[in-house]
Amino acid sequence: MTKDQLFQRIVAILHDTFGIDPAKVNLESKLGEDLDIDSIDAVDLIVQLKPLLGGNLKPEAFRSVRTVQDVVDALHGMMHVGAESHAGD
């Protein structure tokens, strides 16, 4: 999955789960300040993202996440780490 595809999926999750207008979401959007995602909402977001990684989601990777771009980068990084570890199986 490309970063753009991840972004589109995140926008859909934010809309479906939290009712956030997709037009408000861009890569620079701050989860807390711009989108009103608090810590409880962030946990819900992580739960929604878990299927994209086949269960290989590492919650600690999201501790420093502040923007939508951070979420995209964290997910993309975990997807590629997971793919590399399975390549040697």
Side-chain angles (χ1 to χ4, degrees):
M1 188 175 278
T2 68
K3 285 188 176 188
D4 187 56
Q5 290 169 322
L6 284 171
F7 172 72
Q8 295 303 323
R9 184 69 187 116
I10 291 164
V11 171
I13 290 169
L14 290 170
H15 178 260
D16 296 343
T17 305
F18 306 107
I20 296 171
D21 179 359
K24 274 183 65 174
V25 183
N26 60 59
L27 290 171
E28 292 80 35
S29 296
K30 293 181 178 147
L31 298 175
E33 295 169 32
D34 299 330
L35 304 178
D36 285 330
I37 300 292
D38 63 22
S39 58
I40 302 296
D41 293 337
V43 171
D44 290 341
L45 178 60
I46 290 170
V47 168
Q48 295 288 325
L49 295 170
K50 194 171 184 176
L52 296 176
L53 297 171
N56 294 330
L57 190 137
K58 296 175 178 61
E60 63 274 6
F62 289 91
R63 287 195 181 122
S64 63
V65 165
R66 299 289 176 261
T67 66
V68 173
Q69 179 73 62
D70 294 339
V71 176
V72 170
D73 291 343
L75 283 171
H76 194 258
M78 282 185 266
M79 288 178 135
H80 288 278
V81 167
E84 289 169 11
S85 66
H86 291 302
D89 291 345

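Among residues two or more places apart in sequence or in another chain, the side chain to side chain donor-acceptor pair (under 3.5 Å) test is passed with Lys3 by Asp73. By the side chain to side chain donor-acceptor pair (under 3.5 Å) test, His15 pairs with no residue at all, sequence neighbours left out. Residues passing the side chain to side chain donor-acceptor pair (under 3.5 Å) test with Ser64, sequence neighbours excluded: none. Looking at residues two or more places apart in sequence or on another chain, you find a side chain to side chain contact (heavy atoms under 4.5 Å, CB included) between Val11 and Phe7, Pro22, Val25. Partners of Glu28 by side chain to side chain contact (heavy atoms under 4.5 Å, CB included), not counting sequence neighbours, listed by chain and number: Asn26.
Closest approach of Val65 to Val71, counting heavy atoms only: CG1-CG2, 3.2 Å. Closest non-hydrogen pair, Phe18 versus Asp44, comes out as CZ-CB, 3.9 Å. Across all their heavy atoms, Leu45 and Ile13 have their closest contact at CD1-CG2, 3.7 Å. A pairwise comparison of heavy atoms in Lys30 and Glu33 identifies CD-OE1, 3.5 Å as the closest pair. Minimum heavy-atom separation, Gln5 to Thr2: OE1-N, 2.7 Å.
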Between Leu6 and Met79, is the side-chain contact (heavy atoms from CB on, under 4.5 Å) condition met? List the steps. CA-CA 11 Å; Leu6 284 171; Met79 288 178 135; 3.9 Å; yes
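Rounded to the nearest 0.5 angstrom, Lys24 NZ and Leu14 CG are separated by 10.5 Å. The structure places CD1 of Ile10 at 5.5 Å from CG of Leu49, a figure rounded to the nearest 0.5 Å. Atom CG of Leu35 is separated from atom CG of Asp41 by 10.5 Å, given to the nearest 0.5 angstrom. Atom CZ of Arg66 is separated from atom CG of Leu31 by 9.0 Å, given to the nearest 0.5 angstrom.
Under the ring pair (Phe, Tyr, Trp, His ring centres under 6.0 Å) criterion, the residue pairs touching residues 26-76 are His76-His80, with sequence neighbours excluded.
Follow the hydrophobic side-chain contacts under 4.5 Å out from Met1 and you reach Val68 in the same cluster.
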